[in-house]
Amino acid sequence: MSQTWENARPKNMDLTHLSKQSPIIIVGAGAFGLSSALYLALAGYSNVTVFDKQPYDKNAYSTAEGADAASADFNKVMRMSYGDELDYQRFAWDAIQIWSLWNKQISSSLPENLPHGLKPSDKIWYNCGFLRMSTDGSLSPFEESTLRNITREGLRSTQFVIGNKDDEKRAPFYFRKGEWGNKRDPFHRQRQGKSLAGVFDSSAGYVDASKACTWVMHICRQYGVRFVLDEKEGQVCSFTKSPAGNKTVGIRTGSGREHRSEFLILAAGPWTPYLFPAISPLMETTVGSVVYFRLPPKEKAPGLWDRFSPENFPVFAYGGWTKGLGIGGFPRTADGIVKIGYRGVKYTNYEEVQDKVTGTKHRISVPKTKYWPEPSEPAITKQAVQAIKSVVREALPELAELGIAGCRNCWYTDSLDTNFVIDHVPGDEGMMVCSGGSGHGFKFLPVLGKEVVNIIEKPAEKSAIAKLWQWRTKASGPKNGLEEGEAGPRNWKKQEMATEKDWEFDQKAKL
Ligand SMILES: Cc1cc2nc3c(=O)[nH]c(=O)nc-3n(C[C@H](O)[C@H](O)[C@H](O)COP(=O)(O)OP(=O)(O)OC[C@H]3O[C@@H](n4cnc5c(N)ncnc54)[C@H](O)[C@@H]3O)c2cc1C
């Protein structure tokens, strides 16, 4: 790996119809749009403009200040463990190297050289490790293939299988004093006489998503990318087409203005199918559920702050990863928030949507966030709350004593087969879709755009991973539930939503 992350830019540029000065529009300043913008600028494209309907330069992607996107969040898992998906494993490993370099760049910056929302003491990548704890005493086939592929790449020393004699022996040397003990069984299963089986991946951890986006927007600007971040002027309402109707040539924004593009990248996250409904056979907007626990002030509960710190507590998946309960969580944030998510069921929200160009009507799943289409109180499903509560009761009773402090529906796009969708729109040489993160896209923020540029410039010479993302209408494996459509059981309208009463645990808070 090169020592400067900028060297990761794509080589051997062979431009087709685009010149370096061609106007390129990116719709969406989430992880996918930002990474695309960054690598286009690094590749020398000098006329790149990102449009987003949200004022990220003012709210620094902070959800507390109203930022509303999958990429605006406290934390996202950074892992290279990908089962038998070796291409993703390698891609994630490359990303980790750049996350580490970015941490160094931030810490060595002067405060006045950092954007609003970032200071030199901030980290965007926390290498606290990822514990995938099995609850049935055995490792899943996913873990076994991950171990095989990580061994194959010469990185087995980063993995610690609980109960494996060699790993147990070297673990205390690898970790800081006492840390292995805390991260090996943070749920105190052994003390309760329960099985202890799982894998601790020491190469993994989490990234501070909001701060990471703020950082990447900052470096994009340094490389000349322009941002239009505004509810009206930044909001893309429709696409303009060439007279023959076969090429996207620009956008019309909420203010009514038109902007011309030679090439457009649609990276609107969960709003992608809403803006471009024709993609719906390939991609569906879904929602994962998240709850927050707030630790009492540090001076009142120093033990809890210590226990849940990234130094002592890992990112976790309880019940494993693929075969698990769909419950995972993070160490506390600097403000004392512990986030736990439920992805056992990802819900859909079907509405009638009119294609902004053709006028055709479609029934597709669209986001229903705290702010869009209009402000509303967030409620997550009873099913999600019950699943999280049952794991918290069993594994993290200290949090049960505190009670749930808040919740969020986090909207994103799932593709047919959980591979991203990054490719030219067939029959439209002016447009590409860059979305379908399928719940695992954020970690690739430092590297994704490199592939985007390669796909734009050399569509016929895609890398192995980019081939997974190409336009497709059939899944080679399971269809990820997309075939269920509106009639399926995940439809939000069929769910019972949790009230704050449902958030309550049996115990009362003791603090
Ligand atoms: C609950 C949950 C947990 C996740 N966990 C992980 C994880 O642990 N690790 C991981 O790697 N990934 C994870 N992901 C996935 C990751 O968050 C996404 O893959 C990634 O953030 C998607 O980025 P994006 O840019 O495609 O979309 P977004 O971040 O949603 O950005 C889309 C942007 O488009 C803008 N936009 C939309 N419509 C318009 C318009 N009309 N005009 C202008 N702008 C518009 C929006 O304002 C937004 O800024 C998770 C996702 C969720 C929801």
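Each ligand, and each atom within it, is numbered from 1 in the order the structure gives.
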Give the atom numbers and elements of ligand 1 that come within less than 4.0 Å of a heavy atom of Gly28.
33 (C), 34 (O), 35 (C)

For ligand 1, which atoms sit closer than 4.0 Å to a heavy atom of Gln54?
46 (C), 47 (O), 49 (O)

What are the two closest heavy atoms between His116 and Ala60, and how far apart are they?
O-CB, 3.6 Å

Donor-acceptor pairs are to be reported for all side-chain atoms of residues 334-341 against protein atoms at under 3.5 Å, with residues two or more places apart or in another chain.
unit_1	atom_1	unit_2	atom_2	d
Lys339	NZ	Asp73	OD1	3.3
Lys339	NZ	Asp73	OD2	2.7
Lys339	NZ	Asn75	O	2.8
Lys339	NZ	Asn75	OD1	3.2

For Glu231, does the CD atom have more than 12 heavy-atom neighbours from other residues, nucleotides or ligands under 6.0 Å away?
no

Considering only heavy atoms of Gly441, which atoms of ligand 1 have at least one such atom less than 4.0 Å away?
10 (C), 11 (O), 12 (N), 15 (C), 19 (O)

Contact (N/O only, under 3.5 Å) between His440 and ligand 1:
yes

Going by the atom numbers of ligand 1, which of them fall below 4.0 Å from some non-hydrogen atom of Phe51?
43 (C), 44 (N)

Looking at ligand 1, does any of its N/O atoms fall within less than 3.5 Å of an N/O of Phe32?
yes

Could you say whether the N/O atoms of Ala31 and ligand 1 ever approach to under 3.5 Å?
yes

If you take the centroid of each ring, where Trp contributes its six-membered ring, are Phe130 and Phe200 closer together than 6.0 Å?
no

Below the 3.5 angstrom mark, is there an N/O of Ser435, backbone or side chain, next to an N/O of ligand 1?
no

For the aromatic rings, using the six-membered ring if either is Trp, is the centroid distance between Phe142 and Tyr82 under 6.0 Å?
no

With a 6.0 Å cut-off on ring centres, are Trp271 and Phe276 close enough?
no

Is the CD atom of Glu496 crowded by more than 12 outside heavy atoms at less than 6.0 Å?
no

Gly234 near ligand 1, heavy-atom distance under 4.0 Å?
yes

Under a 4.0 Å heavy-atom limit, does Trp271 contact ligand 1 with its side chain, its backbone, both, or neither?
side chain

Candidates Gly254, Ser71, Gly439; heavy atom nearest atom 20 (C) of ligand 1 found on Ser71

Polar atom proximity, Trp411 to ligand 1 (N or O, under 3.5 Å):
no

Taking atom types as modelled and ignoring hydrogens, do the side chains of His259 and Glu233 form a donor-acceptor contact shorter than 3.5 angstrom?
yes

For Thr348 and Asn491, which I'm curious about, is there any donor-acceptor pair between the side chains at under 3.5 Å?
no

Between Phe330 and Phe308, is the ring centroid distance below 6.0 Å?
no

Do ligand 1 and Cys410 have nitrogen or oxygen atoms that lie under 3.5 Å from each other?
no

Taken in chain and number order and not counting sequence neighbours, the residues that satisfy side-chain contact (heavy atoms from CB on, under 4.5 Å) with Pro270 are Thr285, Pro367, Trp411

Evaluate Tyr412 for polar contact with ligand 1, using N/O atom pairs at a separation under 3.5 Å.
no

For atom 46 (C) of ligand 1, which candidate among Val50, Asp52, Val315 holds the nearest heavy atom?
Asp52

Which atom pair, heavy atoms only, marks the closest approach of Val50 to Gly28?
CG1-O, 3.6 Å

Which atoms of ligand 1 are found less than 4.0 Å from any heavy atom of Ala267?
32 (C), 34 (O)

Should the proximity of Lys76 to ligand 1, defined as any heavy atom under 4.0 Å, be assigned to the side chain, the backbone, both, or neither?
both

Does Val290 reach ligand 1 with a nitrogen or oxygen that is under 3.5 Å from one of the ligand's nitrogen or oxygen atoms?
no

Any N or O of Pro270 closer than 3.5 Å to N or O of ligand 1
no

Is Lys356 close enough and on-axis enough to Tyr274, meaning under 6.0 Å and within 45°, for cation-pi?
yes

Which atoms of ligand 1 have any heavy atom of Tyr56 under 4.0 Å away?
47 (O), 48 (C), 49 (O)

Considering distance alone, does some N or O of Ala70 sit under 3.5 Å from an N or O of ligand 1?
yes

If the cut-off is 4.0 Å to any non-hydrogen atom of Val77, which atoms of ligand 1 fall inside it?
7 (C), 8 (O), 9 (N), 10 (C), 11 (O)

With a 6.0 Å cut-off on the ring centroids, do His218 and Phe227 count as close?
no

Nearest heavy atom to atom 42 (N) of ligand 1, choosing from Thr413, Leu445, Val236, belongs to Val236

Tell me the contacting part of Leu275 for ligand 1: side chain, backbone, both, or neither, using a 4.0 Å heavy-atom threshold, strictly below.
side chain

